[in-house]
Amino acid sequence: MRLRIFAGLALALIASISASQAQDFPNRALRLVVAFPAGGPTDFVARLLADRLKSILGQSVLVENKSGANAAIGADYVAKSEPDGYTLFFTTISAVVMNPHLRADLPYDPVRDFAPVTRLVLTKEVLVVNAKSPIKSVKEMVDLAKEKTGGMPMFSTGVGSLPHLALELFQQSAGVKVVHVPYRGAAPAVTDLLGGQIVGGFLDLPVVMPQIIGGNLRALGTASAKRDEVLPDVPTLDEQGYPEVYADNWYALFAPARTPAPVIAKLNAAFKIALTDPEVSRKLLAAGAVPAPTTPEELGDILKADFARWGRIIRQRNIKTTE
């Protein structure tokens with residue numbers, strides 16, 4: 001009985017401390033840990049939001065790039081940080097959905113070690129070729145692939161990456177064989193694509209948006225259930241007769257597990273204000289990213305659903321990585 005009383009008092013004390021911490025949160029600078037290199041699309045979105053959040057929260061919001069190991073380094077760093085809301089994980093789908101199915105040695109668990117804050121933006125995977133390529137449609141690409149003995153070489157940004165998984169779904173839907181050419185990230189893949197060394201592949205729209213607008217790359221279709229509002233003239237693969245090639249990416253914000261709920265609520269509200277700011281929204285859309293804030297609970301549901309779906313696909317396709 002006495003133990004139960006002590007336990008109840010302890011829980012009440014913890015709750016009161018958490019509430020008082022949340023009341024004056026934030027009272028110092030926050031850190032957004034981006035699990036990808038500076039200069040990329042994830043970094044761009046993080047810095048754009050950080051600038052707007054300063055006036056919303058009344059504190060500086062610093063962006064720190066901790067890239068490597070397909071975002072695992074940044075994820076592990078935040079998972080082991082103090083659960084006070086001052087160190088946050090700014091990531092794409094890969095670190096919290098794909099990595100656990102690809103690596104048995106991950107030092108973190110995406111469900112156990114993180115508290116969802118909000119989804120930030122949605123981005124589409126787009127199938128692209130060099131603008132000088134004779135391939136003008138997905139059908140022409142499929143016809144060419146069927147003519148290639150041994151399969152047509154197509155790139156991705158790495159084994160188990162979302163572009164790789166989109167490619168796996170595409171070849172299954174189209175009934176063709178492709179030779180997977182994994183690159184170490186998007187930059188070298190785009191360089192070789194522009195140089196004509198590789199036929200084509202899937203990439204996040206924000207990665208290739210400038211090249212598409214500049215007329216250097218041709219977008220053949222999007223790997224999604226509906227057209228992207230940023231590129232409304234580009235049909236989905238579904239529309240072109242290649243169903244079930246759905247590989248939407250999202251950027252999201254997570255805090256360390258056990259971050260007080262009132263702090264999570266404050267962060268969620270602040271990021272929603274930033275994402276719905278007209279100027280921020282305009283810049284995001286111009287870059288190929290669609291603002292898509294959620295509640296923490298909604299992000300948790302999205303994480304669980306995508307975790308199950310992509311885990312099943314990775315197992316079915318026997319995709320493994322040693323990185």
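Numbers here simply count residues along the sequence, with the first being 1.
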(request) Flag the pair Val245 / Asp238 as yes when at least one side-chain heavy-atom distance between them is below 4.5 Å, and no otherwise. (result)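 Answer no - side chains too far apart.
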
(request) Would you indicate whether the side-chain heavy atoms of Leu220 and Val128 approach each other to under 4.5 Å? (result)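 With C-beta onward as the side chain, the pair stays apart.
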
(message) Among residues at least two apart in sequence or on other chains, which ones pass side chain to side chain contact (heavy atoms under 4.5 Å, CB included) with Ala29?
(response)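 Applying side chain to side chain contact (heavy atoms under 4.5 Å, CB included) to Ala29 gives Ser60, Leu62.
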
(request) Could I get the full list of side chain to side chain contact (heavy atoms under 4.5 Å, CB included) partners for Glu244, not counting sequence neighbours? (result)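 Once residues adjacent in sequence are excluded, the partners of Glu244 under the side chain to side chain contact (heavy atoms under 4.5 Å, CB included) criterion are Tyr246.
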
(message) Tell me whether the rings of His101 and Phe307 are parallel (<30°), tilted (30 to 60°) or perpendicular (>60°).
(response)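 If you compare the ring of His101 with that of Phe307, the planes turn out tilted.
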
(message) Can you tell me how the ring of Phe89 sits relative to the ring of Phe114, calling it parallel under 30°, perpendicular over 60° and tilted otherwise?
(response)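 It falls in the parallel class, under 30°.
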
Give a yes or no on whether the backbone of [Y] and the side-chain of [X] come within a donor-acceptor separation of less than 3.5 Å.
| X | Y | value |
| --- | --- | --- |
| Arg218 | Ile135 | yes |
| Ser281 | Asp277 | no |
| Arg119 | Thr294 | no |
| Ser173 | Pro243 | yes |
| Gln211 | Val208 | no |
| Asp43 | Pro37 | no |

(request) Look up atom CD1 in Ile314 and atom NE2 in His164, then write down how far apart they are to the nearest 0.5 Å. (result)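 Those atoms lie 9.5 Å apart.
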
(message) Measuring from atom CG of Leu32 to atom CG of Leu253, what distance do you get when rounded to the nearest 0.5 angstrom?
(response)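 It is 6.5 Å, given to the nearest 0.5 Å.
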
(request) If a pair satisfies side chain to side chain donor-acceptor pair (under 3.5 Å) and one of its residues is in residues 250-274, list it, with sequence neighbours excluded. (result)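 Counting only pairs at least two positions apart or across chains, the side chain to side chain donor-acceptor pair (under 3.5 Å) contacts touching residues 250-274 are Trp250-Asp306.
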
(request) Decide whether Arg31 and Thr87 meet the rule of one side-chain donor and one side-chain acceptor closer than 3.5 Å. (result)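 Side-chain D/A pair, Arg31 to Thr87: present.
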
(message) Does either side chain, that of Ser156 or that of His180, offer a donor lying less than 3.5 Å from an acceptor on the other one?
(response)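 A donor-acceptor contact under 3.5 Å links the two side chains.
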
(request) Kindly say whether the aromatic ring centers of Tyr86 and Phe25 come within a distance under 6.0 Å. (result)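 Ring centroids of Tyr86 and Phe25 are less than 6.0 Å from each other.
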
(message) Checking side chain to side chain contact (heavy atoms under 4.5 Å, CB included) between Phe254 and each of Ile264, Val96, Val117, which is the one that passes?
(response)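 For Phe254, the side chain to side chain contact (heavy atoms under 4.5 Å, CB included) check succeeds only for Val96.
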
(message) Minimum heavy-atom separation for Pro153 and Val181, please, with both atom names.
(response)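 Taking every non-hydrogen atom into account, CB-CG2, 4.1 Å.
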
(message) Looking at every non-hydrogen atom in both residues, tell me the closest pair between Ala50 and Val63 and how far apart they are.
(response)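 The pair with the smallest heavy-atom distance is CB-CG2, 3.9 Å.
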
(request) Answer yes when Arg47 and Asp51 have at least one side-chain N-carboxylate O distance shorter than 4.0 Å, and no when they do not. (result)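 Result for this pair is no, no salt bridge flagged.
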
(request) Taking only Lys NZ, Arg NE, NH1 and NH2, and the carboxylate oxygens of Asp or Glu, determine whether Arg227 and Glu239 approach each other closer than 4.0 Å. (result)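 The answer is yes: the pair qualifies as a salt bridge.
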
(message) Is there a continuous path of hydrophobic side-chain contacts, each under 4.5 Å between heavy atoms, that joins Leu193 to Ile213?
(response)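 As far as the 4.5 Å side-chain criterion goes, Ile213 and Leu193 are connected within one cluster.
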
(message) If hydrophobic clusters are built from ILVMFWY residues whose side chains come within less than 4.5 Å, do Ile73 and Val97 share one?
(response)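 No; tracing contacts between hydrophobic side chains, which count when under 4.5 Å, never links both residues.
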
